[in-house]
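Worksheet: one structure, shown below.
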Amino acid sequence: TLFRSVCDGLFERINKYWEHRRIVAELENEHDRLADMRQSLVFHVDWAESCGETRKARSLQAELNVIEHDMGVLEQRMKELSPSHWKKMDRDASSPREAEAEMVA
């Protein structure tokens, strides 16, 4: 019936919304964790350089570069999950299921 199909579509949309919110929250938490680590590493790199410990500074800088890369990946993923990008995926996909699969992947 029409009522059943409307309810099913609404239920599917609500589930999709909450799954999207959960994924975004996880990405934001991970980004915040990495930002805290980055801040600490920046301090330690500066400290090592000021003490003349170039080997330690280089080691810490390598870790800092990895964290910054990971943060960039997370930022790109969050950008892909932004509402404007999400709506564009719905329009571009040949079916809503394909858009949802892209969103969760």
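In this text, all values refer to a predicted model and were calculated from it rather than measured experimentally.
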**Q.** Intermediate values then yes/no, side-chain contact (heavy atoms from CB on, under 4.5 Å), R21 and V24
**A.** CA-CA 5 Å; R21 291 298 309 145; V24 169; 4.0 Å; yes
Q) Is any side-chain heavy atom of Q39 closer than 4.5 Å to a side-chain heavy atom of F43? A) no
Q | Residues that L10 engages under side chain to side chain contact (heavy atoms under 4.5 Å, CB included), provided they are two or more places apart | A | I14
Q. Is there side-chain contact between R38 and L64, with at least one heavy-atom pair below 4.5 Å?
A. yes
(Q) With rounding to the nearest 0.5 angstrom, report the CE to CD distance, M71 to E68. (A) 7.5 Å
Check: residues 25-34 side-chain donor-acceptor pairs under 3.5 Å, at least two apart:
{"unit_1": "E26", "atom_1": "OE1", "unit_2": "R22", "atom_2": "NH1", "d": "3.3"}
{"unit_1": "E26", "atom_1": "OE2", "unit_2": "R22", "atom_2": "NH1", "d": "2.5"}
{"unit_1": "N29", "atom_1": "ND2", "unit_2": "A25", "atom_2": "O", "d": "3.3"}
{"unit_1": "E30", "atom_1": "OE1", "unit_2": "R33", "atom_2": "NE", "d": "3.2"}
{"unit_1": "E30", "atom_1": "OE2", "unit_2": "R33", "atom_2": "NH2", "d": "2.6"}
{"unit_1": "H31", "atom_1": "NE2", "unit_2": "E75", "atom_2": "OE2", "d": "2.9"}

Counting only pairs under 3.5 Å, give me each side-chain donor-acceptor contact of residues 48-62, with atom names and distances, residues two or more places apart or in other chains.
{"unit_1": "S50", "atom_1": "OG", "unit_2": "D46", "atom_2": "O", "d": "3.4"}
{"unit_1": "S50", "atom_1": "OG", "unit_2": "W47", "atom_2": "O", "d": "2.8"}
{"unit_1": "Q61", "atom_1": "NE2", "unit_2": "N65", "atom_2": "OD1", "d": "3.1"}

Q: Would you give the length of the straight line joining atom CD of E63 to atom CD1 of I67, rounded to the nearest 0.5 angstrom?
A: 6.5 Å
Q. Taking atom CZ of F3 and atom CG of D8, what is their separation to the nearest 0.5 Å?
A. 10.0 Å
(Q) Working to the nearest 0.5 angstrom, can you tell me the gap between E80 CD and I23 CD1? (A) 12.0 Å
